Amino acid sequence: MSQWKDFVALVTGANKGLGLEIARQLGKLGIRVVIGSRDLGKGEQAAAKLKEEGVDARAVQLDVTSSDDIAALPAFFQNNYGRLDILVNNAGINVESESWRGSTAGNISSDSLRKTFDSNFFGAVAITQALLPLISASPAGRIVNHSSILGSLTLQADPKSPIYDTKPFGYDASKAALNAFTVHLAAELKPTKVKVNSAHPGWVKTDLGTDAAPMETPEGAQTAVTLATLPENGPTGGFFHAGNRLPW
Ligand code: NAP
């Protein structure tokens with residue numbers, strides 16, 4: 001019998017891309033997965049696909065920028081499962097992906113910056129806070145914030161680092177803020193069983209990562225899945241890629 005029997009996971013932005021693959025891999029471990037999707041129809045299609053593969057999956061309406069959708073989450077999990085063990089804050093956007101050289105720190109519009117922070121930072125914080133009572137009641141609560149190496153201030157500041165020349169400001173700042181949330185929440189929850197970590201998936205072929213990326217989603221999902229299923233003696237408050245720590 002799976003050690004994850006009865007466990008329940010929510011993956012935000014899981015109708016496609018890395019989120020869908022993370023849901024698939026958690027589901028294959030025997031975890032019941034809930035696909036957060038801002039378009040419920042797309043979420044239900046994704047859940048149906050996973051069900052065909054033997055995964056216990058369902059969808060929930062979740063625009064991470066909608067306070068109504070977020071407010072409805074605790075009752076959804078309480079009523080349908082009576083628990084929530086794993087939260088993967090995966091939903092994210094990069095409004096600058098096509099043209100970040102035209103929207104640098106010196107000239108990005110406040111609108112673009114706010115839009116990016118709403119999805120990549122404020123949404124994750126609000127969802128986590130809403131679900132924390134349920135996750136805290138789990139025997140092994142795990143929170144994974146899907147970040148990016150581009151949010152590493154240490155590497156962004158190092159002219160020798162491989163990402164030094166890639167500076168979409170809104171995206172990078174939102175992921176640095178998300179990393180700050182990881183550090184602060186992990187410290188706050190240190191006396192509890194809940195572990196909180198940031199994941200960098202690698203550069204992965206998705207709509208966000210583009211076809212130019214070298215990695216496929218099954219490999220890219222692995223860092224988040226590992227952090228979502230850490231054993232009791234696993235780390236908390238870290239930033240990881242493929243088993244290695246990244247600098248903040
Ligand atoms: P993707 O294929 O574009 O998928 C992004 C997902 O987020 C989609 O399901 C999208 O939903 C959802 N989303 C966006 N805004 C949302 C909102 N307001 N509410 C709910 N869902 C929302 O991108 P991905 O590459 O899988 O990215 C997943 C995560 O990995 C992101 O946080 C990204 O920053 C991170 N990441 C990716 C890479 C990479 O190389 N791919 C590298 C580093 C980090 P819709 O389908 O409705 O748009």
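Source: prediction; values computed, not measured. When a ligand or atom number is given, it counts from 1 through the structure's own listing order.
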Next on the checklist: Check contact between Ala213 and ligand 1, using heavy atoms of the residue and a distance below 4.0 angstrom.
Outcome noted: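 Distance cut 4.0 Å: Ala213 fails for ligand 1.
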
Next on the checklist: Please confirm whether Thr12 approaches ligand 1 to less than 4.0 Å, judged on its heavy atoms.
Outcome noted: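 Thr12 does not count as a contact of ligand 1 under the 4.0 Å cut-off.
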
How far is [atom] from the closest protein heavy atom, and which atom is that?
| atom | result |
| --- | --- |
| atom 12 (C) of ligand 1 | Gly13 CA, 3.7 Å |
| atom 20 (C) of ligand 1 | Leu62 O, 3.3 Å |
| atom 44 (C) of ligand 1 | Ser147 O, 3.1 Å |
| atom 23 (O) of ligand 1 | Leu208 CB, 3.2 Å |
| atom 5 (C) of ligand 1 | Gly92 O, 3.8 Å |
| atom 28 (C) of ligand 1 | Asn90 OD1, 3.2 Å |
| atom 42 (C) of ligand 1 | Gly202 O, 3.2 Å |
| atom 26 (O) of ligand 1 | Leu18 N, 2.8 Å |

Which atoms from ligand 1 have a heavy atom of [X] less than 4.0 Å away?
| X | answer |
| --- | --- |
| Ala91 | 7 (O), 13 (N), 21 (N), 22 (C), 32 (O) |
| Tyr171 | 33 (C), 34 (O), 35 (C), 36 (N), 43 (C), 44 (C) |
| Ser148 | 43 (C), 44 (C) |
| Lys175 | 31 (C), 32 (O), 33 (C), 34 (O) |
| Pro201 | 36 (N), 37 (C), 38 (C), 42 (C), 43 (C), 44 (C) |

Are any side-chain N or O atoms of [X] and backbone N or O atoms of [Y], one a donor and one an acceptor, separated by less than 3.5 Å?
| X | Y | value |
| --- | --- | --- |
| Lys195 | Gly234 | yes |
| Asn197 | Gly238 | yes |
| Asn90 | Val11 | no |
| Gln25 | Pro218 | yes |
| Lys205 | Ala213 | yes |
| Ser147 | His200 | no |
| Trp203 | Met215 | no |
| Arg24 | Glu53 | no |
| Asp85 | Gly141 | no |
| Gln78 | Leu84 | no |

Next on the checklist: Tell me whether the rings of Trp248 and Phe239 are parallel (<30°), tilted (30 to 60°) or perpendicular (>60°).
Outcome noted: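 Parallel.
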
Taking distance alone, with no angle check, do [X] and ligand 1 share an N/O pair under 3.5 Å?
| X | answer |
| --- | --- |
| His200 | no |
| Thr206 | yes |
| Gly19 | no |
| Gly17 | no |
| Ile93 | no |
| Trp203 | no |

Next on the checklist: Which option wins on minimum heavy-atom distance to atom 4 (O) of ligand 1: Gln61, Lys16, Lys42?
Outcome noted: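 The residue whose heavy atom sits nearest atom 4 (O) of ligand 1 is Lys16.
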
Checklist entry - Nearest heavy atom to atom 10 (C) of ligand 1: which of Arg38, His146, Met215 does it belong to? => result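 The residue whose heavy atom sits nearest atom 10 (C) of ligand 1 is Arg38.
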
Checklist entry - Leu132, Tyr81: one ILVMFWY side-chain cluster at the under-4.5 Å cut-off? => result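 They do share one cluster, since a chain of ILVMFWY contacts under 4.5 Å joins Leu132 to Tyr81.
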
Checklist entry - Does any pair with a residue in residues 8-19 pass salt bridge (charged side-chain N to carboxylate O under 4.0 Å, His left out), and if so which ones, sequence neighbours excluded? => result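 Every salt bridge (charged side-chain N to carboxylate O under 4.0 Å, His left out) pair that includes a residue of residues 8-19, provided the two are not neighbours, is Lys16-Asp207.
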
Next on the checklist: Nearest 0.5 Å, please: how far is OG1 in Thr65 from CZ in Arg38?
Outcome noted: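 Result: 7.5 Å between the selected atoms.
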
